[in-house]
Amino acid sequence: SPKSKGNKRLAYNGWWHSSWVPKPTDPIEEMLASPEQRLTLTHAQIQSINDMLDDPWAPRIQPPERHEAVVDLRRNIMEELYPEAKYSPVVLN
């Protein structure tokens with residue numbers, strides 16, 4: 001329940017949903033500052049940040065310098081979620 005007072009959250013379709021979704025006015029840079037803080041974000045929260053950065057119809061992060069700083073921090077998320085392969089790629093002839 002969204003009105004629950006405890007630390008328990010309901011998983012729906014395998015994702016943890018939160019009651020908070022980032023807005024452009026939130027301190028997004030602070031939320032993305034360290035790996036520990038980034039690990040606390042849910043899939044929906046990360047998608048909301050991606051939408052603010054990429055979707056032309058979503059609210060934009062202003063000013064442009066702040067937008068670029070969040071873009072740089074997003075690269076950290078992508079590197080952590082999708083690290084480079086540690087093995088040789090398969091070559092097909």
Side-chain angles (χ1 to χ4, degrees):
S1 165
K3 297 180 182 181
S4 173
K5 301 292 184 209
N7 290 331
K8 296 179 182 178
R9 293 186 288 178
L10 178 64
Y12 177 75
N13 287 341
W15 293 109
W16 289 109
H17 289 269
S18 65
S19 61
W20 172 77
V21 177
K23 298 182 296 289
T25 55
D26 290 331
I28 297 170
E29 300 91 324
E30 294 174 17
M31 294 183 292
L32 302 176
S34 71
E36 293 80 18
Q37 289 168 301
R38 290 190 290 273
L39 286 173
T40 65
L41 296 174
T42 65
H43 180 262
Q45 291 166 337
I46 292 172
Q47 284 305 112
S48 176
I49 292 169
N50 283 332
D51 287 347
M52 285 186 272
L53 297 175
D54 299 331
D55 187 345
W57 293 281
R60 305 301 284 180
I61 298 171
Q62 295 293 333
E65 298 82 19
R66 184 170 173 246
H67 182 276
E68 290 305 315
V70 175
V71 167
D72 290 340
L73 289 168
R74 178 177 60 175
R75 287 188 192 107
N76 295 334
I77 292 174
M78 298 309 289
E79 289 172 2
E80 291 164 4
L81 291 176
Y82 308 104
E84 287 188 34
K86 302 292 184 202
Y87 51 87
S88 299
V90 175
V91 179
L92 302 173
N93 292 332

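Bear in mind that the values here come from a model prediction, so they are computed numbers and not experimental data.
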Open item on the list: Given 3.5 Å as the limit, does a donor-acceptor pair link the side chain of Glu79 with the main chain of Asn76, or not?
Closed with: no

TODO: Could you pull out all residues at least two apart from Asp51 that satisfy side-chain hydrogen bond (donor to acceptor under 3.5 Å, both in side chains)?
DONE: none

- [ ] Would you list the pairs meeting salt bridge (Lys or Arg N to Asp or Glu O under 4.0 Å) in which at least one residue belongs to residues 27-41, sequence neighbours left out?
- [x] Glu29-Arg66, Arg38-Glu80

TODO: Take Gln37 and Ser34, measure what side chain to side chain donor-acceptor pair (under 3.5 Å) needs, and give me the verdict at the end.
DONE: CA-CA 5 Å; Gln37 289 168 301; Ser34 71; 3.0 Å; yes

Task: Listed partners of Gln62 passing side-chain contact (heavy atoms from CB on, under 4.5 Å), at least two apart - done: Arg60, Pro64

TODO: List the steps and the verdict of side chain to side chain contact (heavy atoms under 4.5 Å, CB included) for Thr42 and Gln47.
DONE: CA-CA 9 Å; Thr42 65; Gln47 284 305 112; over 6 Å; no

Task: side chain to side chain contact (heavy atoms under 4.5 Å, CB included) assessment of Ile61 paired with Val71 - done: CA-CA 10 Å; Ile61 298 171; Val71 167; over 6 Å; no

Task: Closest non-hydrogen atom pair between Asp26 and Lys23, with its separation - done: OD2-N, 2.8 Å

Open item on the list: Can you tell me how far apart CD1 (Ile49) and CG (Leu41) are? Round to the nearest 0.5 Å.
Closed with: 5.5 Å

- [ ] State which residues pass side-chain hydrogen bond (donor to acceptor under 3.5 Å, both in side chains) with Arg74; sequence neighbours excluded, sorted by chain then number.
- [x] Asn50, Asp54

TODO: Please report the closest heavy-atom contact between Ser48 and Pro22, naming both atoms and the distance.
DONE: OG-O, 3.2 Å

Task: Heavy-atom check, side chain of Leu53 versus side chain of His67, under 4.5 Å - done: yes

Task: Any residue meeting side-chain hydrogen bond (donor to acceptor under 3.5 Å, both in side chains) with Glu68, in chain and number order, not counting sequence neighbours - done: none

